[in-house]
Novice: 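Once you've had a glance at the structure underneath, I'll fire off some questions.
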Amino acid sequence: MKITKICCIGAGYVGGPTMAVIAQKCPHIQVTVVDLNEQRIKDWNDPDTNNIPIYEPGLSEIVAEARGRNLFFSTEVEKAIDEAQVIFISVNTPTKTYGKGKGMAADLKYIELCARQIAKVAKQNKIVVEKSTLPVRTAEAIKSILDNTGNGVQFQILSNPEFLAEGTAVTDLLNPDRILIGGDTTPEGEVAINALVDVYANWVSKDKILTTNVWSSELSKLTANAFLAQRISSINAMSELCEKTGADVNEVARAIGMDSRIGPKFLKASVGFGGSCFQKDILNLVYIAKSYGLNEVADYWEQVIIMNDHQKKRFSNKIVQTLYNTVADKKITFLGWAFKKDTNDTRESAAIYVADDLINEQASIAVYDPKVSGNKIQSDLNYLETRSVEENKARVVTFDNAYEACKDAHAIAVLTEWDEFTTYDWQRIYDSMHKPAFLFDGRNILNAKELESIGFIYNGIGS
Ligand code: NAD
Ligand code: UGA
């Protein structure tokens, strides 16, 4: 079976970049990305590809090359489903905010809607690919909806989880560590798996394309995120012990990372991991384990989240304590708001929670982030519903220049590891601040010795 037409439902952080790379690498395949969100599609179609809705290094160039050739963004969901042989589902799967499993389980309402829409529209056999991260055995539910509400056509469900990280999405997609495809072990399932393997084989070597059954594939994605997040919580747990004992967490990470069984990546102590997925996926894993009565398994993974929440709280507490136990009406400047560098995504960013704590202490927050707008920052805070919109507006001011943001501040807190922060004229910043001038480096990216020699009172994580 040769694939020539693909549709992707969901033009978000996964759907957009993933499909752009498929289109670039497979000019013979027509790729249509659809979304209900009209503004998002309008932004993907902006004539200036620098204005596409997702900032990822290298992405606007790929979109410029493929868009209009074999890459299309549209709100015509049904038409795209009807025309495609393969339909990727890349819609959001947030944590449930209501009902059974509230605060833990994945909310599958968007997935179910997609399945129902596909069932309604499809008049020929289709391959449906789960690209979204889903609880293990979701494919069963999708299949049941498709088979029971469809027009009698055959569907093959594949699980093809995405492992890209934001900020490096394009390089991750171009050079993935692996591609994982799960499908049925029936002859029809194997045809579908092979069809998708052939799409990726246009640029990924076959030895990196793993095929397995659907359940293993679904669970592998949750497991990968749990292991990654666990490393961060592990090193963050050690960072607190380092602070008490005079050890330096960066040195500890270096020493253990040289053990080839541990490896050096993902050992950077920080103010806490953010992003839309780690927390949501672990909570989902915990929920699944609990629902099978595996309470020890559930408790084990939940601890990763508990540690992460503790790390964020610890950071804001440290700021308050160090500033003589009061930050009321003191200006505290945040450098960075995004959950990591090289992205404009702020979902679950530690900055939001640290700001919330400090506003509770009546601090005045100034924010500079190279890619996040003031409106986004306000809406992130309003979403918490801790206080009124007006109060957030009064307490948090955004700047588009870091030097202006730091002027007259009592303290600076680095919340995102943007490279540009390491290139600043720190003497100039110090001179413009209240004294003593405090610096809380939530990412350990600045040179502590240099800053201390200027006069800053420097606090990193875990040293
Ligand atoms: P997102 O919120 O950025 O994008 C999802 C899009 O789907 C939205 O634009 C929304 O409007 C659209 N949508 C929802 N229901 C729809 C429907 N019925 N029809 C058409 N459009 C619909 O989410 P995301 O970050 O791209 O994540 C998508 C999935 O991928 C999630 O399951 C996530 O866990 C997983 N994932 C995300 C990342 C990441 O880095 N963000 C990485 C790997 C996996
Ligand atoms: C993560 C995974 O890395 C991807 O493989 C996965 O596809 C994705 O989740 C997903 O399923 O959504 P992402 O959240 O985009 O990707 O970014 P990461 O690089 O993993 O960073 C997550 C958070 O951990 C960030 O806040 C980052 O600053 C923090 N982090 C990362 C640390 O604090 N220390 C580290 O050593 C590494």
Side-chain angles (χ1 to χ4, degrees), residues 7-19 33-41 43-44 53-54 56 73-78 80-81 87-95 106-118 130-135 138 160-169 172-173 176-177 221-222 224-229 231-236 239 253 257 264-282 284 308 311-312 336 338-343 345-351 415-417 442-445 461:
C7 156
C8 172
I9 309 180
Y13 283 87
V14 168
T18 311
M19 293 302 128
V33 191
V34 293
D35 205 294
L36 296 173
N37 183 331
E38 288 180 12
Q39 186 59 45
R40 214 167 207 184
I41 292 298
D43 292 342
W44 278 110
I54 287 166
E56 278 291 340
F73 294 93
S74 163
T75 49
E76 291 186 275
V77 180
E78 298 201 345
I81 292 173
I87 300 153
F88 284 82
I89 302 182
S90 282
V91 301
N92 36 329
T93 50
T95 305
D107 192 342
L108 298 179
K109 68 179 174 198
Y110 305 105
I111 296 286
E112 175 162 347
L113 266 173
C114 289
R116 289 188 183 278
Q117 203 159 16
I118 295 168
E130 299 175 347
K131 189 52 126 176
S132 299
T133 302
L134 295 170
T138 306
N160 171 221
E162 185 48 58
F163 295 101
L164 69 81
E166 290 179 29
T168 53
D172 293 345
L173 288 164
D177 285 342
K221 172 63 194 177
L222 293 182
N225 273 0
F227 270 60
L228 288 168
R231 276 175 77 96
I232 304 170
S233 278
S234 296
I235 199 71
N236 281 345
S239 76
K265 293 182 182 167
F266 252 71
L267 282 181
K268 206 147 179 36
S270 69
V271 53
F273 61 74
S276 61
C277 292
F278 279 169
Q279 174 166 307
K280 141 179 109 59
D281 292 347
I282 293 177
N284 184 11
N308 197 50
Q311 189 75 350
K312 291 182 268 187
F339 83 96
K340 63 183 284 198
K341 73 172 179 178
D342 292 337
T343 177
D345 195 349
T346 64
R347 290 177 290 181
E348 291 301 324
S349 179
L415 273 303
T416 314
E417 70 280 25
R443 297 290 178 168
N444 288 350
I445 53 167
I461 300 275

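When a ligand or atom number is given, it counts from 1 through the structure's own listing order.
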Novice: Which residue owns the protein heavy atom closest to atom 20 (O) of ligand 2, what's the atom, and how far is it?
Specialist: Phe266 CZ, 3.1 Å
Novice: Listed by chain and number, what are the side chain to side chain contact (heavy atoms under 4.5 Å, CB included) partners of Ala106, not counting sequence neighbours?
Specialist: Leu108, Pro135, Asn284
Novice: Measuring from atom 8 (C) of ligand 2, which candidate in Leu267, Leu164, Asn444 has the nearest non-hydrogen atom?
Specialist: Leu164
Novice: Does Lys221 approach ligand 2 within less than 4.0 angstrom via side chain, backbone, both or neither, non-hydrogen atoms only?
Specialist: side chain
Novice: Under the criterion side chain to side chain donor-acceptor pair (under 3.5 Å), which of Asp35, Asn37, Asp43 is the partner of Gln39?
Specialist: Asp43
Novice: Would Glu162 and Ser90 satisfy side chain to side chain donor-acceptor pair (under 3.5 Å), going step by step from the backbone distance to the final call?
Specialist: CA-CA 9 Å; Glu162 185 48 58; Ser90 282; over 6 Å; no
Novice: Compute the shortest N/O to N/O distance between Ile232 and ligand 2 and return yes if it is under 3.5 Å, no if not.
Specialist: no
Novice: Quick one: does Asn444's side chain have a donor or acceptor within less than 3.5 Å of a partner on Ile461's backbone?
Specialist: yes
Novice: For atom 9 (O) of ligand 2, what's the nearest protein heavy-atom neighbour? Residue, atom name and distance, please.
Specialist: Phe278 CE2, 3.6 Å
Novice: Students should be able to answer this: which protein heavy-atom is nearest to atom 33 (O) of ligand 2, and at what distance?
Specialist: Ser270 OG, 2.6 Å
Novice: Considering only non-hydrogen protein atoms, determine which one is nearest to atom 5 (O) of ligand 2 and report residue, atom name and distance to 0.1 Å.
Specialist: Phe163 O, 2.7 Å
Novice: When you measure from atom 28 (O) of ligand 2 to each heavy atom in Arg443, Glu417, Lys341, which option holds the nearest one?
Specialist: Arg443
Novice: With a 4.5 Å limit on heavy-atom distance, are the side chains of Val34 and Ile81 in contact?
Specialist: no
Novice: Quick one: sort the Phe266 and Phe278 rings into parallel, tilted or perpendicular, breaks at 30° and 60°.
Specialist: perpendicular
Novice: Any idea which of Lys340, Glu166, Lys280 brings a heavy atom closest to atom 21 (O) of ligand 2?
Specialist: Lys340
Novice: Can an N or O of Phe273 be found at a distance shorter than 3.5 Å from an N or O of ligand 2?
Specialist: no
Novice: Closest heavy-atom contact between Ala165 and Asp172?
Specialist: N-OD2, 2.8 Å
Novice: Nearest non-hydrogen atom to atom 34 (N) of ligand 2 belongs to which of Lys268, Glu348, Arg347?
Specialist: Lys268
Novice: Heavy atoms, side chains only, cut-off 4.5 Å: are Ile282 and Asn225 in contact?
Specialist: no
Novice: Under 3.5 Å, is there a donor-acceptor pair between the Glu417 and Ser270 side chains?
Specialist: no
Novice: Can you see which heavy atom on Phe273 is nearest to which on Asn308, and at what distance?
Specialist: N-OD1, 2.8 Å
Novice: Salt bridge between Glu166 and Arg347, side-chain N to carboxylate O under 4.0 Å?
Specialist: yes
Novice: For atom 26 (O) of ligand 2, which protein heavy atom lies nearest, and how many Å away is it?
Specialist: Phe339 O, 2.8 Å
Novice: Kindly give the heavy-atom pair with the smallest separation between Leu134 and Thr93, and that separation in Å.
Specialist: CD2-CG2, 3.5 Å
Novice: How far is atom 12 (O) of ligand 2 from its nearest protein heavy atom, and which residue and atom name does that atom have?
Specialist: Cys277 SG, 2.7 Å
Novice: Between Asn225 and ligand 2, does any nitrogen or oxygen pair lie at a separation below 3.5 Å?
Specialist: yes
Novice: Show me, by chain and number, every protein residue that has a heavy-atom distance under 4.0 Å to ligand 1.
Specialist: Ile9, Gly10, Gly12, Tyr13, Val14, Asp35, Leu36, Asn37, Arg40, Ser90, Val91, Asn92, Thr93, Tyr110, Cys114, Ser132, Thr133, Glu162, Leu164, Glu166, Lys221, Ser276, Cys277, Lys280, Arg347
Novice: Which atoms form the tightest heavy-atom contact between Ala351 and Gly336, and what is the distance?
Specialist: CB-O, 4.2 Å
